[in-house]
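In what follows, a single structure is set out as structure tokens and then discussed.
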Protein chains: 2
Amino acid sequence: MKKIDILNKLRSSGLRPTKQRVEIAKFLFEREKTFHFTVESLNKLLTKKSTSKIALATIYNTVHAFKTAGHLNEVEVRGNKTYFDTNVSNHHHFYDSETSELIDIDANDIIIQKIPKAPNGKKIKNVEVFINLKN
Amino acid sequence: MKKIDILNKLRSSGLRPTKQRVEIAKFLFEREKTFHFTVESLNKLLTKKSTSKIALATIYNTVHAFKTAGHLNEVEVRGNKTYFDTNVSNHHHFYDSETSELIDIDANDIIIQKIPKAPNGKKIKNVEVFINLKN
DNA sequence: TTCTAGTTTATAATTATTCTAAAGTGAAAA
DNA sequence: TTTTCACTTTAGAATAATTATAAACTAGAA
């Protein structure tokens, strides 16, 4: 994803492309593979990479803005960690609690044959499958 | 579940049946239906029900001891809430983010037809399905 | 009854996240 | 191009959930 695309991506979702947002967006979206991170890990990586320090609150703000805009997926797993995922397509996860690592599973690799009806008055928003791993 | 069974349940899992543990265990396990709670909600309910106040730290300790002993199931959902579930059999959940409510789904009500292999050197511990609800 | 490891307790500490309000800045309009 | 202002960023305070600490308590073995 080129810089111009990053700018479009931000603008088209109503986000003013500030210096900080562009820097974070480039870091997150200019890569081949999907990327899983927590705000804390992202903060560390950005601090290491860049000379200009972005405030932690800004990283929180930005990550949530990206999530609301649909550019990031939020994944909640055991251990009170909130992960974000640059893969926003419908998919599932392996979770390795030994390493606290989250691994994508393509939506096509899990087929659910039978599913219960939603309770009265409710609809199904989405189905998330977690496959917890052990050694 | 009668009082004698509560005592056995505690003793057989190596937990000394203290006044506090017995009171919490009776509250949790002497009921027909499965019960979902957070430490906070449990604390409120116990405070209301009983005259003797149990320290919040004790409720944390006890709930975790019960979980380790396999008497409670921990379920982590969106919003940084940690729920516990008196249903320790293999099962799944609806999650209603409007009401922050967790609803059990019997393991037999979801059939997964296709599942990916675990990454190299890892095994599948368990599979958790979350069906997120909307109105 | 005595003794001790296990337990409870109040409180402090920690961790993750959100709030606040002051200073800074994109970009539309003049 | 300059001005203007709503949107952003920022440091630090506040909040919330949980864990750690260390002193007092207690179940149950001896």
From CD of B:Glu40 across to C1' of D:dT15 the rounded distance in Å is 12 Å
Item to complete: For this output row, return yes or no: ring centroids of B:Phe84 and B:His64 closer than 6.0 angstrom.
Response: yes
Picking from D:dT10, C:dT17, D:dT18, the nucleotide nearest the side-chain atoms of A:Leu56 would be C:dT17
Tell me whether the side-chain N/O atoms of A:Arg11 come closer than 4.0 Å to OP1 or OP2 in C:dG26. no
Original post:
Is the count of non-hydrogen atoms from other residues, nucleotides or ligands lying under 6.0 Å from B:Lys117 atom NZ greater than 12?
Top reply: no
A:Lys53 NZ to D:dT10 P, in whole Å, measures 9 Å
When rounded to whole Å, the CG to P distance for the pair B:Leu10 and D:dT26 reads 18 Å
Atom CG of A:Leu15 and atom P of D:dT8 are separated, to the nearest Å, by 7 Å
In whole angstroms, the gap separating P of D:dT8 from CD1 of A:Ile59 amounts to 17 Å
### Task
Select base, sugar-phosphate, or nothing to describe what A:Thr58 touches, counting heavy atoms under 4.0 Å on all strands.
base
With the side chain defined as heavy atoms from C-beta on, A:Asn61 is closest, among D:dT10, C:dT11, D:dT18, to D:dT10
Check: Taking only side-chain nitrogens and oxygens of B:Tyr60, does any of them come within less than 4.0 Å of OP1 or OP2 of D:dT18?
Finding: yes
Comparing B:Thr62 with A:Pro17, nearest DNA chain C nucleotide closer to 5' gives the residue B:Thr62
From the list A:Asp106, A:Thr34, A:Asp85, side chain to side chain donor-acceptor pair (under 3.5 Å) with A:His91 holds only for A:Asp85
In whole angstroms, the gap separating P of D:dT19 from NZ of B:Lys67 amounts to 9 Å
B:Arg21 atom CZ is separated from D:dT26 atom P, nearest whole Å, by 14 Å
A:Arg16 has its side chain closest, among D:dA17, D:dA6, D:dT10, to D:dA6
- Message: Check this one for me: any side-chain N or O of B:Gln20 less than 4.0 Å away from OP1 or OP2 of C:dT9?
- Response: yes
Taken to the nearest whole Å, NE2/B:His64 to P/D:dT18 is 8 Å
The reported gap from CG in B:Asp5 to CZ in B:Phe29 (rounded to nearest 0.5 angstrom) is 12.5 Å
### Task
Check whether any side-chain N or O of B:Thr18 sits under 4.0 Å from OP1 or OP2 of C:dT8, and answer yes or no.
yes
One should read off an interatomic distance between A:Ile6 CD1 and A:Lys9 NZ, to the nearest 0.5 angstrom, of 6.0 Å
